[in-house]
A.B. asks: 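Below you'll find the structure I mean.
Each ligand, and each atom within it, is numbered from 1 in the order the structure gives. Model, not experiment: these values are computed from the prediction.
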Amino acid sequence: IDKPNVVIVIFGATGDLSKRKLFPSIYRLYQNGKIGEDFAVVGLARRPWTNEVFRENVRDSIQNASLNAEDIEAFSSHFYYHSFDVTDTSSYDHLKILLEELEGNYQTDGNRIFYLAMAPEYFGSIANQLQQNGLKDSAGWTRLVIEKPFGHDLESAKALNNQIRVAFNENQIYRIDHYLGKEMVQNIEVIRFANGIFEHLWNNRFISNIQVTSSEELGVEDRARYYDHSGATRDMVQNHMLQMVALLAMEPPIKLTPEEIRSEKVKVLRALRHVDPDKVDEFFVRGQYGSGTSKGEVVKGYREETEELAGSTTETYVAGKVMIDNYRWAGVPFYIRTGKRMKEKSTKIVVEFKDIPMNLYYKDEAEKHPNLLVINIQPNEGITLYLNAKKAGIGSIAEPIKLSYTNNGVDGINTPEAYEKLIYDCIIGDTTNFTHWDEVAYSWAFIDSLLQAWSASQPKFPNYPSGSMGPQAANDLLEQDGFHWWPIT
Ligand code: BG6
């Protein structure tokens with residue numbers, strides 16, 4: 001295993017992401033031998049913590065995440081805290097001295113990862129301060145990891161990107177989309193391109209439509225301020241949903257290199273048909289949850305969650321028909337939907353194949369059951385193929401049968417967390433599962449066309465009860481094309 005030595009500097013080390021995802025993931029890498037003893041983590045935030053308080057926090061976060069944590073003492077000794085003001089130049093000077101010291105102690109060869117896990121308004125200025133204060137001038141490599149949101153629309157994303165690019169090259173920038181770290185999202189490419197029986201049929205001659213659902217049970221929780229300015233379209237569609245569409249629709253790469261794979265994805269995103277303002281309702285549906293029942297409990301509607309959300313017109317649900325205007329996909333709708341406070345937490349892809357021209361074996365023409373390939377991303381991981389086979393007994397009636405494979409519990413080990421894989425990829429310098437600037441730009445251009453079309457009218461919210469699968473209009477969207485959403489369970 002490739003185990004480069006590295007110092008990871010986390011901006012926003014007292015925040016939620018660090019505690020929930022980053023520390024446990026770094027721990028698992030350590031436990032699995034993917035990072036050795038030659039590493040250090042420097043946590044930065046405003047609070048005046050000591051190393052000891054920080055380490056206590058790190059240990060806490062791991063205890064929740066792992067059952068056999070016997071070496072956590074040794075592990076947490078690699079963590080250092082540095083109280084930091086991102087707007088103050090002297091903070092960067094002190095950081096530089098600390099890094100040089102740690103590099104001596106841990107023999108990390110000057111390899112540095114700067115991980116921005118904090119408010120996006122500082123991304124650009126931090127990147128520049130790092131360069132201006134010489135923090136990039138080490139003997140090894142330096143990389144910048146950026147959490148979302150990467151901009152609010154195309155224009156702001158461009159401005160942010162230009163700012164960052166002054167200090168870092170594109171190949172030093174690792175833009176996180178944590179869906180790309182999910183085992184089954186990574187599997188889309190392999191299922192498609194390592195199987196003759198799928199790849200030959202993977203086009204508009206044999207596929208009638210593709211459905212991508214990412215539903216959540218939770219509501220806005222304590223993120224009202226961020227979420228109300230974002231909405232489901234920016235929060236989920238611009239990044240996660242369109243990334244899954246790109247992986248489903250891309251051409252086979254000529255080589256398994258980050259450049260080749262990402263350039264195929266870019267081509268898909270370039271071919272997305274922008275939303276025509278006069279036809280927005282034929283293609284997209286927005287929703288906001290009202291009160292309802294979630295897990296047997298009565299829950300509030302979005303507008304009642306906090307005072308600042310009263311009267312909000314932010315969408316907590318989006319369903320859409322995405323068209324990809326290229327040779328392979330002309331005419332095939334990619335239906336997507338995502339929302340908060342839906343019936344259950346699930347991410348799933350259904351590929352619906354066209355029926356054969358004349359199927360004599362259906363009992364009832366009205367109840368067709370075409371072949372489906374279902375890719376289960378979460379909570380279950382696996383694939384299910386729906387075929388037709390003869391119903392046992394007299395006659396020749398076809399009934400659907402299921403061939404299922406589940407990833408869960410293979411070898412009794414849980415599949416690695418998305419963040420664990422992404423942090424490791426960053427350490428070894430593999431940018432494949434990070435979004436290239438071109439992907440960000442083309443997806444924002446598409447989202448901008450949608451949001452602009454919507455801005456012309458006021459939505460009638462709330463329009464779906466908590467605990468449901470969304471507004472009725474999302475069903476009509478498919479019915480107008482002669483399809484329906486396949487159940488997600
Ligand atoms: C994040 C969004 O990017 O993805 C959240 O900001 C959302 O609003 C989350 O809940 C969903 O991720 P996952 O991995 O739980 O499906």
A.B. asks: Quick one: salt bridge (charged side-chain N to carboxylate O under 4.0 Å, His left out) partners of R270, sequence neighbours excluded?
C.D. replies: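 So R270 forms no salt bridge (charged side-chain N to carboxylate O under 4.0 Å, His left out) with any residue.
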
A.B. asks: Can you list the residues that meet the ring-ring contact (aromatic ring centres under 6.0 Å, His included) rule with Y419, with sequence neighbours excluded?
C.D. replies: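 For Y419, no residue satisfies ring-ring contact (aromatic ring centres under 6.0 Å, His included) once neighbours in sequence are set aside.
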
A.B. asks: So do L385 and F198 actually touch side chain to side chain, heavy atoms under 4.5 Å?
C.D. replies: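 In contact.
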
A.B. asks: Hey, does I35 have a side-chain heavy atom less than 4.5 Å from the side chain of I427?
C.D. replies: yes

A.B. asks: When you measure from the side chain of N111 to the backbone N and O of T142, does any donor-acceptor pair fall under 3.5 Å?
C.D. replies: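 Not a single qualifying donor-acceptor pair exists.
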
A.B. asks: Protein N/O near ligand 1 N/O, under 3.5 Å, which pairs?
C.D. replies:
residue: ligand 1; atom: 3 (O); partner: K148; partner atom: NZ; Å: 2.9
residue: ligand 1; atom: 3 (O); partner: H240; partner atom: NE2; Å: 2.7
residue: ligand 1; atom: 6 (O); partner: K148; partner atom: NZ; Å: 2.7
residue: ligand 1; atom: 6 (O); partner: R223; partner atom: NH2; Å: 2.9
residue: ligand 1; atom: 6 (O); partner: D235; partner atom: OD1; Å: 2.6
residue: ligand 1; atom: 6 (O); partner: D235; partner atom: OD2; Å: 3.4
residue: ligand 1; atom: 8 (O); partner: R223; partner atom: NH1; Å: 2.8
residue: ligand 1; atom: 8 (O); partner: D235; partner atom: OD2; Å: 2.6
residue: ligand 1; atom: 8 (O); partner: K340; partner atom: NZ; Å: 2.7
residue: ligand 1; atom: 10 (O); partner: E216; partner atom: OE1; Å: 2.6
residue: ligand 1; atom: 10 (O); partner: E216; partner atom: OE2; Å: 3.1
residue: ligand 1; atom: 10 (O); partner: K340; partner atom: NZ; Å: 3.1
residue: ligand 1; atom: 12 (O); partner: H178; partner atom: NE2; Å: 3.2
residue: ligand 1; atom: 14 (O); partner: H178; partner atom: NE2; Å: 2.8
residue: ligand 1; atom: 14 (O); partner: K182; partner atom: NZ; Å: 2.6
residue: ligand 1; atom: 15 (O); partner: K345; partner atom: NZ; Å: 2.6
residue: ligand 1; atom: 16 (O); partner: Y179; partner atom: OH; Å: 2.5
residue: ligand 1; atom: 16 (O); partner: K345; partner atom: NZ; Å: 3.0
residue: ligand 1; atom: 16 (O); partner: Q378; partner atom: NE2; Å: 2.7

A.B. asks: Does E439 have any side chain to side chain donor-acceptor pair (under 3.5 Å) partners at least two apart in sequence or in another chain, and if so, which?
C.D. replies: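 Listed in chain order: Q243, K265.
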
